[in-house]
Amino acid sequence: MNLLRFFVQNHTQVLESIGEHLWLVGWSTFFAMLIGIPLGVLIAHRTQLGRPVLATANIIQAIPALALFGFLLPVPWLGDRADRLAILALALYALLPIIRNTYAGIRGVDAAVVEAGRGMGLTESQLLFQVELPLALSVIISGVRVAVVISVGLATIAAAIGAGGLGEFIFRGLAMVDNRVILAGAIPAAILALLADFGMGWIEKRLRPQ
Amino acid sequence: MIEFRDVSYGVNGIQVLSDLNLRVAHGEILVLLGRSGSGKTTTLKLVNRLVTPTSGQILVHGARNDQVDVIRLRRGIGYVIQEAGLFPHFTVERNIGLVPKIEGWPEERIRARVEEMLQLVGLGSDLASRYPHQLSGGQRQRVGVARALAADPAILLMDEPFGALDPLTRDELQREFLLLQQRVHKTVVFVTHDLREALRLGSRIALMEAGKLVTVLTPNEFVKSPDPWASAYVRAFGDGLEAAANRGAS
């Protein structure tokens with residue numbers, strides 16, 4: 001009951017934080033796709049690059065989030081604004097699932113179908129855009145889905161460097177030793193993660209080839 | 001029409017094909033017959049440059065095929081593979097109309113052509129909006145042939161196109177293919193390991209074994225040939241029938 005009252009009293013602030021949260025997750029996912037999908041396509045075609053690229057993405061994934069935010073803080077242009085930095089860090093974390101799934105999706109396209117296309121005289125870019133990417137799409141989207149769910153959770157840590165988002169409530173609640181405040185951040189974050197998972201799952205299913 | 005001159009192909013130190021010399025005449029169905037690993041599919045893929053020879057030359061329409069634009073070359077050659085290799089995310093119509101489309105034909109001309117091709121391979125135009133997984137194996141294979149013929153290429157490469165079909169459907173498609181060939185008169189290179197299919201469809205049969213061309217014979221010559229490899233095929237074929245007959249007798 002207490003919690004509900006807290007939500008009602010602070011609803012503008014909660015909504016604002018949700019907005020900031022979505023802003024961070026949205027842009028970071030966008031940049032991660034912008035870099036991750038072409039990289040995944042590249043290593044699917046140049047398999048010798050696969051190991052180093054995936055290893056790098058793996059290493060990034062292994063850096064603790066708080067430490068990564070800290071490392072990036074002194075970087076000139078980036079450190080100027082906390083949200084910039086948070087978006088970059090989140091995008092770096094989102095890279096691995098996107099690269100890996102793009103790679104797996106393209107490699108998973110029936111080789112006979114690709115060869116038939118090549119034999120018919122499709123150019124490499126026609127093969128990519130008309131055959132490989134459409135057939136790999138649902139697998140790629142499931143990578144994005146994982147990335148988004150991870151990002152929604154990780155974005156709460158962005159509050160530690162002042163980038164806003166639902167993490168602000170969590171950190172403030174921890175400082176105030178007030179569970180209501182913590183939950184005011186944690187519950188919307190959990191709901192966002194579930195909604196993202198559900199929504200992306202739905203898209204993924206729609207795009208799966210029969 | 002198509003000519004192989006001293007063509008060899010090796011990969012990772014394995015000689016897949018050695019010193020192949022072969023001519024395919026205009027309008028004939030040349031069957032490449034051989035076991036798996038004999039190099040027949042490789043031979044086929046050399047024509048449209050899915051495989052590049054280690055040495056030797058392949059002439060298509062009298063010109064070396066490595067001196068023409070590879071995309072142009074391939075669009076002028078129909079290609080049919082086992083299980084048809086249809087694009088699963090395209091409808092029948094888009095599959096058949098693909099090469100005309102990327103060649104920039106106007107929309108109505110593509111539609112008319114798709115209609116014509118469906119009719120040619122004996123499929124109703126109601127199938128045009130279906131996806132490959134909604135078709136039977138025989139229908140898929142017909143669509144594969146229609147797709148290969150859509151841009152009216154002079155040459156048709158067929159890699160065990162009827163291999164995955166049940167015997168009755170295969171028989172039906174072979175028969176129709178012969179009728180079709182009488183109308184369209186393509187130069188066909190046809191890969192199979194099935195002697196019956198080779199005898200039935202081939203103008204000539206090129207027998208391959210371990211990367212070498214053993215002999216080229218007409219179906220008639222083939223069944224009477226003293227060549228040990230050819231007669232081995234004929235014997236294996238005859239044994240099958242005989243064994244079946246004996247089982248019926250006992």
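For clarity, every value in this text was computed on a predicted model and none was experimentally measured. Protein chains get the first letters and strands the later ones, always in sequence-line order, with residue 1 at the start of each.
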Measure B:Leu98 against the heavy atoms of chain A and call it side chain, backbone, both or neither at under 4.5 Å. side chain
Between B:Ile71, B:Val70, B:Leu73, the one whose heavy-atom pairs under 4.5 Å with chain A are most numerous: B:Ile71
Side chain [X], main chain [Y], donor-acceptor under 3.5 Å:
X	Y	answer
B:Lys186	B:Pro153	yes
B:Arg142	B:Leu123	no
B:Asn21	B:Asp6	yes
A:Tyr93	A:Ile63	yes
B:His89	A:Gln130	yes

What part of A:Gln126 gets closer than 4.5 Å to chain B, counting heavy atoms only: side chain, backbone, both or neither? side chain
Report the distance from atom OG1 of A:Thr102 to atom CE of A:Met33, rounding to the nearest 0.5 Å. 8.5 Å
Taking 4.0 angstrom as the limit, do B:Glu197 and B:Arg170 come out as a salt bridge? no
Residues in residues 37-60 of chain B near chain A [non-hydrogen atoms, under 4.5 Å]: B:Lys45, B:Asn48, B:Leu50
Neighbours of chain A found in residues 100-112 of chain B - heavy atoms under 4.5 Å: B:Ile102
Hey, can you tell me if B:Phe177 and B:Phe162 have their rings parallel, tilted or perpendicular (30° and 60° cut-offs)? perpendicular
Are A:Trp27 and A:Phe31 close enough that their ring centres sit under 6.0 Å apart? yes
A:Arg172 to A:Phe169 six-membered ring, cation-pi geometry met (6.0 Å, 45°): yes
Might you confirm whether atom NE2 of A:His45 has over 12 heavy atoms from other residues, nucleotides or ligands at distances under 6.0 Å? yes
